[in-house]
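Written out below as structure tokens is the structure these notes cover.
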Amino acid sequence: MLENFAGNKNLISILNGMLKGGHLPHAILIEGADGLGKRTVARELAKSILCMNGTEFCNECRSCKLFDAGSNPDCSVISPQKNIISVDEIRSLRRRAYDRPDRCERKVYIIEDAEKMNVSAANAFLKILEEPPQYVVFILLATSASMLLETIISRCTVLTLNAPTFTEAKAVLKNM
């Protein structure tokens, strides 16, 4: 996973280890500045989790093809609307999370800009984060974990995405 991703080899190694070892936490918070690739990491991780042929996506199975088409029913992306993630959006997520996966063994919810949950939304999210269905994985993306409620942070595996060094970025660009 993410073999052409510039830098962050430790973070990629941790994620690959989680996938291959079958020790995937129910909630992963990826923090880092805008433009570093949080969404790219989240999408590849989600695709790997949902792949029907192993721990690294194959691009061949029905799940991978649906994912690439943006129509895998077992992956949902929650993004801020008008710069906020509302309590209604989180309540909807909670209701859907208890439905069994449609095609895959798991369901993945990617919450972009998680720090934009208002207080009511964050508290509503905390309820499912405390007792999630065993087949659900939440991937939260945020500029900084410190912008979220401490109770949410404490229930997530927090991974920090850093800017690649000049040498790392140059090596990736050279191979493109």
- For the pair C75 and L50, evaluate side-chain contact (heavy atoms from CB on, under 4.5 Å) and give the outcome as yes or no after the intermediate values. CA-CA 8 Å; C75 183; L50 298 175; 3.6 Å; yes
- Stepwise, does the side-chain hydrogen bond (donor to acceptor under 3.5 Å, both in side chains) test hold for S92 with E89? CA-CA 5 Å; S92 174; E89 289 175 273; over 6 Å; no
- Task: List the steps and the verdict of side-chain contact (heavy atoms from CB on, under 4.5 Å) for L45 and I139.
- Result: CA-CA 9 Å; L45 177 58; I139 303 172; 3.7 Å; yes
- Step by step, work out the side-chain hydrogen bond (donor to acceptor under 3.5 Å, both in side chains) result for S63 and N72. CA-CA 6 Å; S63 177; N72 188 316; 2.9 Å; yes
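L159 is connected to L161 through a chain of hydrophobic side-chain contacts under 4.5 Å among Ile, Leu, Val, Met, Phe, Trp and Tyr, so both are in one cluster. Criterion: ILVMFWY side-chain heavy atoms under 4.5 Å apart, direct or through other members. Under it, V136 and I78 are part of a common hydrophobic cluster. Cluster annotation: V137 is connected to V77 through the hydrophobic network of ILVMFWY side chains, with a link wherever side-chain heavy atoms come within less than 4.5 Å.
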Please output the side-chain donor-acceptor pairs of residues 29-39 that fall under 3.5 Å, not counting sequence neighbours, one pair per line with the distance.
{"from": "E31", "atom 1": "OE1", "to": "A145", "atom 2": "N", "distance (Å)": "2.7"}
{"from": "E31", "atom 1": "OE2", "to": "T160", "atom 2": "OG1", "distance (Å)": "2.6"}
{"from": "K38", "atom 1": "NZ", "to": "G32", "atom 2": "O", "distance (Å)": "2.7"}
{"from": "K38", "atom 1": "NZ", "to": "A33", "atom 2": "O", "distance (Å)": "3.2"}
{"from": "R39", "atom 1": "NE", "to": "E112", "atom 2": "OE2", "distance (Å)": "3.2"}
{"from": "R39", "atom 1": "NH2", "to": "D113", "atom 2": "OD2", "distance (Å)": "3.3"}

Output a table of donor-acceptor pairs, distance under 3.5 Å, between side-chain atoms of residues 123-131 and any protein atom two or more places apart or on a different chain; print 'none' if there are none.
{"from": "N123", "atom 1": "ND2", "to": "V119", "atom 2": "O", "distance (Å)": "3.2"}
{"from": "E130", "atom 1": "OE2", "to": "R155", "atom 2": "NH2", "distance (Å)": "3.3"}

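At least one donor-acceptor pair under 3.5 Å links the side chain of Y135 to the backbone N or O of Y98. Under a 3.5 Å cut-off, the side chain of Q81 and the backbone N or O of S79 do form a donor-acceptor pair. Judged purely by atom type and a 3.5 angstrom limit, S48 uses its side chain to pair as donor or acceptor with the backbone of E44. When atom types are taken as modelled, the side chain of Y109 and the backbone of A97 share a donor-acceptor pair closer than 3.5 angstrom.
A side-chain N or O of S146 and one of S144 form a donor-acceptor pair less than 3.5 Å apart.
By the side-chain hydrogen bond (donor to acceptor under 3.5 Å, both in side chains) test, T143 pairs with E115, sequence neighbours left out. D102 meets the salt bridge (charged side-chain N to carboxylate O under 4.0 Å, His left out) test with no other residue; sequence neighbours excluded. Under the side-chain hydrogen bond (donor to acceptor under 3.5 Å, both in side chains) criterion, K47 pairs with N59, D68, not counting sequence neighbours. For S120, there are no side-chain hydrogen bond (donor to acceptor under 3.5 Å, both in side chains) partners, not counting sequence neighbours.
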